[in-house]
Amino acid sequence: MDMTVDIGGGLRLRNPVLMASGTFGHGAEYQGLFDFAHIGGVVTKTITRHPRAGNPPPRTAETPSGMLNSIGLTNPGLEGFIAEKLPQLSDLPTARIVSIAGTSSEEFAEMAEALCEHGGFDAIELNISSPNMKDGGMLFGCREDSARDVTRAVKDVADLPVIVKLTPNVTDIVAIANAVEEGGADGVALINTLLGMAIDIESARPILGNVTGGLSGPAVKPVALALTWKVASAVGIPVVGMGGISNATDAIEFMIAGANAIQVGTATFVDPLAGPNTVDGIIDYCQRKEIVRVAQLTGSIALP
Amino acid sequence: MRLDARPIAQSAGPAQFVQILADPVGSPYLRRPFSFLRVDRDAGWFEIYYDVIGPGTRRLQEARPGDAFNALGPLGRVFDPPEGHLLLVAGGVGIVPLAFLAWDHPERRLSTTLLMGANTATRLPDLDALLPADLVRHVSTDDGTTGHAGFVTDLIEQHATPTTAVLTCGPHAMMARVAQITAELSLSCYASLENHMACGFGACVGCVVEYRESDREDERYRRVCLDGPVVDAHGIVW
């Protein structure tokens with residue numbers, strides 16, 4: 001059985017399961033957990049130009065079938081990442097995707113250029129969709145022009161595939177997806193978290209230290225699936241689907257809806273083996289359905 | 001509550017914790033962290049002790065002998081007590097990791113004193129059930145219904161020597177006061193922190209605490225699950 005999938009710019013994954021940004025550190029920390037050759041790849045926690053402390057605690061709040069987070073992109077900065085994290089990431093026997101976020105198109109491009117010059121990884125994911133970064137993040141992903149411009153600025157300097165991660169917190173995600181495709185994106189990834197909030201009624205205070213945060217987990221899956229289907233139906237570049245994927249059933253739904261690959265995120269917090277278990281489940285499904293190439297699943301939805 | 005889990009019991013050490021999935025179908029969705037109370041490494045079991053405060057602990061309370069739970073652990077760093085006199089200051093279920101330290105270091109019990117505080121006598125756990133019999137303990141209640149009348153922190157000075165090390169676990173306000181008093185007395189002080197956690201193994205970066213000093217901006221907040229749960233009580237922002 002052929003489990004390989006293409007996710008744009010010539011990047012071929014061993015299988016369609018990636019570990020989502022922000023849920024798996026910088027990859028190498030969890031090497032003892034399972035054989036990384038068993039998954040399609042890892043996406044690092046987002047790197048910014050300068051080190052970031054992140055947001056004040058509390059940073060997480062459980063909500064029905066999911067959780068809110070307002071971590072705020074804690075990271076060692078570009079130089080810290082290259083010096084301390086990239087060497088171990090480079091050694092991982094799987095696709096290595098570095099997530100970056102900037103405060104301007106120029107900063108995004110500067111980071112992408114520095115990372116590509118250094119090498120040791122396979123693709124860049126542009127985080128233009130974090131609801132927890134006041135000076136950037138989602139600001140770029142909410143407008144077609146800024147989403148297009150930042151994509152183009154990175155593509156002009158990057159010699160590795162560029163995947164743009166989209167926010168669901170917009171009126172028309174298809175328009176944003178079309179814009180980043182125009183900007184030269186090799187692929188799109190969606191969805192980042194949904195803007196959310198929780199309040200403690202005894203104190204009348206927001207539960208998160210940052211007041212609002214991003215909602216993830218099974219609660220968002222139907223939303224993510226619908227948006228993945230809409231975007232995959234509209235763009236001509238590969239789509240990486242995510243949002244509440246906890247197992248192979250979830251993953252296969254996203255692929256049938258049009259995703260070329262998927263990411264497992266919040267589920268890893270509950271079950272550190274959610275990623276590799278999802279791979280096993282997809283293999284079982286393909287065998288049972290006598291599917292010889294997993295890529296055949298992509299967009300195979302039988303519409304009424 | 002006692003759970004048979006040989007690999008966890010065999011490697012668990014003081015201050016470490018276990019993440020338990022209270023409901024296999026995901027309601028509540030996230031695991032819940034619990035400190036170890038006691039382990040039997042030969043028999044392969046560990047015990048936890050908790051207050052029922054939400055749907056997760058309620059689900060555990062409903063468990064019957066023979067029920068199975070998915071448990072992940074041990075997590076966090078083991079706390080090795082420094083030499084000399086050790087003063088344990090506990091509030092509420094904060095007694096649990098301190099009790100485990102006493103159970104796990106029988107050779108230290110003669111040089112260890114436990115101070116336990118509660119609002120009122122009926123809120124005190126059954127200390128004889130939780131603690132080794134030979135661990136010296138002093139109790140305080142805010143309303144004076146048993147033991148010292150007042151805060152447990154009132155007792156620190158009289159039970160400390162100049163070389164005493166203090167380890168505290170309990171409500172945030174109590175631990176903050178312990179940190180303040182020990183700083184005034186120039187005693188070393190460790191706090192076993194509790195926090196809401198998503199993963200418990202460092203990936204989510206949610207359970208952080210702010211440090212007074214850090215070499216770089218991204219180290220200002222550090223993870224309770226990985227860098228703790230025991231931290232230098234004088235090194236963090238209360």
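Chain identifiers are assigned alphabetically (A, B, ...) following the order of the sequence lines, protein sequences preceding nucleic acid strands; residue numbering begins at 1 within each chain.
Heavy-atom pairs under 4.5 Å with chain B peak, among A:P76, A:G25, A:G77, A:G66, at A:P76. Interface check for chain A: of the options B:V209, B:L72, B:V208, the most heavy-atom pairs under 4.5 Å are formed by B:V208. Interface check for chain B: of the options A:G54, A:P64, A:P272, the most heavy-atom pairs under 4.5 Å are formed by A:P272.
Residues of residues 33-50 of chain B placed with any heavy atom under 4.5 Å of a heavy atom in chain A are absent; none qualify. Inspection of non-hydrogen atoms places no residue of residues 177-184 of chain B under 4.5 Å from chain A.
Proximity to chain B (any heavy atom under 4.5 Å) is shown, for A:P58, by neither the backbone nor the side chain. For B:L21, the part lying near chain A is the side chain, with the backbone staying farther off; criterion is any non-hydrogen pair under 4.5 Å. For A:P56, the parts lying under 4.5 angstrom from a heavy atom of chain B are both the backbone and the side chain.
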Check every N and O of chain B against chain A and note each donor-acceptor pair under 3.5 Å, with its distance.
| from | atom 1 | to | atom 2 | distance (Å) |
| --- | --- | --- | --- | --- |
| B:Y29 | N | A:E62 | OE2 | 2.5 |
| B:L30 | N | A:E62 | OE1 | 3.4 |
| B:L30 | N | A:E62 | OE2 | 3.3 |
| B:R31 | NE | A:V270 | O | 2.5 |
| B:R31 | NH2 | A:V270 | O | 2.8 |
| B:R32 | NH1 | A:E62 | OE1 | 2.8 |
| B:R32 | NH2 | A:E62 | OE1 | 3.2 |
| B:F201 | O | A:Y30 | OH | 2.8 |
| B:A203 | N | A:Y30 | OH | 3.0 |
| B:V205 | O | A:R59 | NH1 | 2.9 |
| B:R216 | NH1 | A:E84 | OE2 | 2.8 |
| B:R216 | NH2 | A:E84 | OE1 | 3.2 |

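Counting all heavy atoms, side chain and backbone alike, B:F201 lies closest to A:F269 at CE2-O, 3.8 Å.
For B:T146, there are no side-chain hydrogen bond (donor to acceptor under 3.5 Å, both in side chains) partners, not counting sequence neighbours.
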